[in-house]
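Worksheet: one structure, shown below.
As a basis for the values below, the full set of heavy atoms in this structure was taken, side chains included, without hydrogen atoms, waters or symmetry mates. The sequence lines fix the lettering, A, B, ..., with proteins before strands; numbering per chain opens at 1.
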Amino acid sequence: MERASYLDKLNDNQRAAVTFGTGEPPGPLLVIAGAGSGKTSTLAHRVAHLVVNGADPRRILLMTFSRRAASELTRRVERITAAALGTGIAAEALLWAGTFHGIGARILRDNAAAIGLDPDFSIHDREDSADLMNLCRHGLGLSQTASRFPAKSTCLAIYSRKINSEAPLGDVLRDHFPWCAQWETELKRLFGAYVEAKQAQNVLDYDDLLLAWAQVMADPGFAAHVGGAWDHVLIDEYQDTNRLQARILMALKPDGRGLTVVGDDAQSIYAFRAATVRNILDFPGSFAPPADVITLDRNYRSTQPILAAANAVIGAARERFTKDLWTERASAERPQLVTYATEADQARHVVDRVLEDRETGTTLKEQAVLFRTSSHSAQLEAELTRRNVPYVKFGGLKFLDSAHVKDLLAMLRLGRNPRDRVAGFRVLQLIPGVGPKAAGHVLDALDLAPDPRAALRDVAPPPRSGSDWPAFVAAMTTDAPWPAALDKARDWYDPHLARLHEDSEARRGDLDQLAQIAGGYASAEKFLTDLTLDPPDATSDQAGVPLKDEDYLILSTIHSAKGQEWRSVHVLNCVDGCLPSDLGTGTTDEVEEERRLLYVAMTRAKDRLSLGVPQRFYVTHQSRNGDRHIYSLRTRFIPAGILDRFEVTHWSPARVGEVPRPAPAPIDIAAQMRDMWA
DNA sequence: ATGCACGCGGTTTTT
DNA sequence: CCGCGTGCAT
């Protein structure tokens with residue numbers, strides 16, 4: 001076959017990765033792809049190349065870290081194949097592109113009957129899971145222990161880590177939750193109850209999507225059935241997978257044939273979710289003969305000075321398994337390291353710089369401000385709002401977390417799966433006069449009924465529910481097709497929204513948005529699954545999400561910035577305590593992960609990079625005598641020895657024209673007010 | 001039984 | 001500040 005023209009645009013290593021594999025199907029391949037090395041493009045080309053050479057796209061499994069990454073990849077594959085073949089493959093041909101969790105949900109749903117699951121199972125998001133954990137916690141009387149028992153979210157985090165790391169509970173507690181170690185016995189009991197509750201309620205949490213999948217794969221018959229559905233399995237961001245995911249992968253393709261994994265150990269930033277770089281390091285040796293390894297170390301994204309600074313930061317890492325990145329993009333401009341007296345100064349200057357860059361032709365969308373923790377952007381957001389700069393924030397709170405959205409989604413979930421007690425408690429208590437007790441009775445009755453959905457019509461109304469009940473039942477049991485069913489729920493919910501929230505107008509807008517999204521789905525089930533596994537991740541202040549064609553600045557946690565790039569990048573709060581976060585400096589491993597976070601942040605920049613170092617912070621509510629400020633130091637990841645990679649400056653606001661004004665004589669307002677009644 | 005007022009305490013990052 | 005548990009009035 002004549003050499004396809006798309007191969008000409010690739011460098012030698014990229015081409016080797018794209019065309020790798022002589023066998024049918026080819027042996028296992030590991031691609032170590034440095035930041036900005038054209039990883040996504042290489043992966044897309046490899047998939048396209050397989051298809052161009054006759055692979056059936058419906059028999060390719062493509063697993064990525066987010067659904068956004070999956071659709072980007074799919075789009076590119078379509079473009080490349082379209083150019084190469086004349087006719088592109090249909091958009092639907094790549095049937096199996098998604099996240100580990102999304103694919104897991106699909107496999108479990110498809111095989112539900114055979115593995116003893118009700119196919120109508122609901123999927124709980126993190127908060128729902130924590131709520132269920134809380135119900136169990138109360139049930140076992142753990143909420144009123146003499147010394148305080150760990151909070152529901154902590155319990156869930158411990159449980160989740162145990163599942164995903166496949167480590168004994170004792171080890172998990174010792175290594176990651178030492179302040180909870182005294183509760184090991186109680187936690188074990190709690191987790192047992194939690195698992196039973198999930199099963200009784202026909203509910204799966206995030207971890208179950210992987211755990212149940214792994215358990216399916218442990219059965220040889222099922223493993224062959226599931227694994228046999230694909231000729232090629234490609235995994236992106238392999239450095240951020242955990243033990244459980246690796247186990248699933250190895251069971252899918254035990255001999256490694258058809259398997260490609262891509263990743264970069266220098267960008268591993270999800271250890272808190274039990275991801276382990278061991279997966280990527282041990283991958284080659286898991287097979288006999290070992291997997292081939294191809295390294296992409298040429299960076300196409302950043303200028304040389306940016307790369308030099310990033311390399312210096314990661315160069316000090318305790319362990320390094322890969323390469324220094326190199327580039328041919330010369331520039332005289334070093335990254336900036338700017339100190340400020342306060343965070344407010346930092347916010348002001350960053351906005352100044354952003355606007356300057358926009359004046360000189362860099363749109364807001366081509367610029368980003370990154371930070372370690374969602375709350376670090378608070379002052380910046382205030383400044384942006386004050387100066388009317390539109391922005392969209394990724395990471396942190398999502399609009400799905402707001403009470404009114406959760407209420408409506410819970411109604412839909414309860415309609416599909418009346419055994420879901422978390423949804424049930426939430427929804428039933430919306431009815432005035434119905435509290436935990438009455439809600440519990442209704443749910444118990446539904447639980448015992450042979451057909452819970454029908455039972456909702458017949459169940460005795462709660463004593464004080466009044467005239468609301470028939471309308472509620474009607475809304476819940478409607479036969480309206482999707483998405484009209486959502487409108488029925490909204491109609492019932494609307495008066496309660498107005499009753500419960502002062503700002504019901506703004507919240508109604510969110511629900512409009514939700515209805516819009518719902519319209520794009522064929523069924524409530526698909527809608528709920530997708531929304532839970534891949535929630536719309538941007539929030540943007542009170543103003544609502546800007547229109548798609550509008551220009552807006554990107555604000556993002558470093559975690560949510562993974563895989564992305566911008567011409568200009570500002571990193572906030574590069575000080576000890578923020579980056580590394582003072583919460584995660586317990587162990588050397590945790591500190592090393594924080595170092596990689598800074599590395600990831602810096603390598604997002606194409607042309608311009610600046611790191612902010614505010615020296616004074618206001619810390620609120622840390623001492624009971626009110627707010628205080630603390631002084632902070634430049635991050636330990638930029639020691640004096642590598643300062644020469646940066647242009648170091650200090651910025652303070654101009655004080656021009658500022659004349660101190662004398663204060664007027666004091667007045668006694670309180671006395672005046674008293675005198676009004678004298 | 002529900003719902004509200006009060007007081008205490010508090011590990012980010014996400015599928 | 002916010003969520004959570006407790007205690008009291010309806």
Side-chain angles (χ1 to χ4, degrees), chain A residues 63-70 98-105 123-127 129-131 134 137-138 142-145 147-154 156-158 160 163-164 176-180 205-210 237 240-242 244-245 269-275 370-376 378 394-398 401 429 431-441 462-465 500 529-535 537 556-562 573 577-586 590 593-594 596-597 600-601 619-622 624 626-627:
Chain A
M63 284 202 280
T64 56
F65 194 74
S66 64
R67 233 196 22 223
R68 183 165 44 154
T99 63
F100 257 98
H101 291 85
I103 302 286
I123 300 173
H124 273 184
D125 69 12
R126 207 182 159 62
E127 259 190 276
S129 303
D131 287 347
N134 206 30
R137 191 163 161 268
H138 278 97
L142 293 171
S143 38
Q144 39 213 349
T145 47
S147 67
R148 213 170 152 115
F149 192 75
K152 60 178 181 181
S153 55
T154 310
L156 183 69
I158 297 169
S160 184
I163 298 297
N164 285 293
H176 304 286
F177 302 88
W179 68 95
C180 301
D205 63 19
Y206 284 143
D207 302 327
D208 287 330
L209 299 176
L210 301 182
E237 308 282 10
D240 286 325
T241 56
N242 58 42
L244 192 51
Q245 288 166 314
I269 54 175
Y270 278 86
F272 73 91
R273 221 168 72 185
L370 307 182
F371 33 87
R372 169 67 176 88
T373 298
S374 189
S375 61
H376 288 165
F394 292 85
L397 264 198
K398 313 195 156 133
D401 295 335
Q429 290 183 81
I431 302 168
V434 177
K437 221 40 177 222
H441 285 133
R464 260 169 301 239
S465 60
L500 294 168
T529 302
D530 270 17
L531 217 58
T532 309
L533 295 184
D534 188 37
D537 43 8
S556 176
T557 59
I558 299 173
H559 283 94
S560 293
K562 176 156 133 165
N573 296 1
C578 291
L579 189 55
S581 160
D582 49 8
L583 302 169
T585 48
E590 285 170 332
E593 174 138 324
E594 300 280 320
R596 294 190 294 269
L597 268 170
V600 167
V619 213
T620 50
H621 313 287
Q622 292 239 322
R624 57 209 84 61
D627 301 353

Contact class for [X] (heavy atom, under 4.0 Å): base, sugar-phosphate, or nothing?
{"X": "A/Ala438", "value": "sugar-phosphate"}
{"X": "A/Phe100", "value": "nothing"}
{"X": "A/Arg464", "value": "sugar-phosphate"}

Would you find a donor on one side and an acceptor on the other, under 3.5 Å apart, between the side chain of [X] and the backbone of [Y]?
{"X": "A/Thr557", "Y": "A/Ser560", "answer": "yes"}
{"X": "A/Asp240", "Y": "A/Ile269", "answer": "yes"}
{"X": "A/His176", "Y": "A/Ile158", "answer": "no"}
{"X": "A/Gln245", "Y": "A/Leu210", "answer": "no"}

Using a cut-off of under 3.5 Å, enumerate the N/O to N/O pairs linking the protein to nucleotides 3-5 of chain B.
{"from": "B/dG3", "atom 1": "OP1", "to": "A/Gly433", "atom 2": "N", "distance (Å)": "3.0"}

Between C/dC4 (P) and A/Leu156 (CG): distance, integer Å:
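Rounded to whole Å, this separation is 13 Å.
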Interatomic distance, A/Ile123 CD1 vs B/dT15 C1' [rounded to whole Å]
11 Å
Upstream residue (5' side of DNA chain B) when A/Ser160 and A/Thr154 are each assigned their closest nucleotide:
A/Thr154
Which residue lies more 5' along DNA chain B, comparing A/Arg372 with A/Lys437 via nearest heavy atoms:
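Checking each residue's closest nucleotide, the 5'-ward one belongs to A/Lys437.
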To the nearest 0.5 Å, how far apart are [atom1] in [X] and [atom2] in [Y]?
{"X": "A/Ile558", "Y": "A/Arg596", "atom1": "CD1", "atom2": "CZ", "answer": "13.0 Å"}
{"X": "A/Leu156", "Y": "A/Asn134", "atom1": "CG", "atom2": "CG", "answer": "11.0 Å"}
{"X": "A/Phe65", "Y": "A/His559", "atom1": "CZ", "atom2": "NE2", "answer": "8.5 Å"}
{"X": "A/Thr64", "Y": "A/Glu237", "atom1": "OG1", "atom2": "CD", "answer": "8.5 Å"}

Detail all sub-3.5 Å separations between protein N/O atoms and N/O atoms belonging to nucleotides 5-10 of chain C.
{"from": "C/dG5", "atom 1": "OP1", "to": "A/Arg137", "atom 2": "NH1", "distance (Å)": "3.3"}

Could you pull out all residues at least two apart from A/Arg67 that satisfy salt bridge (charged side-chain N to carboxylate O under 4.0 Å, His left out)?
A/Asp530, A/Asp534
Ring centroids of A/Phe272 and B/dT13 base under 5.5 Å with planes under 30°
yes
Is any side-chain nitrogen or oxygen of A/Ser374 closer than 4.0 Å to OP1 or OP2 of B/dT12?
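Result: no.
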Examine B/dT14: is either OP1 or OP2 under 4.0 Å from a nitrogen or oxygen in the side chain of A/Ser66? Give yes or no.
no
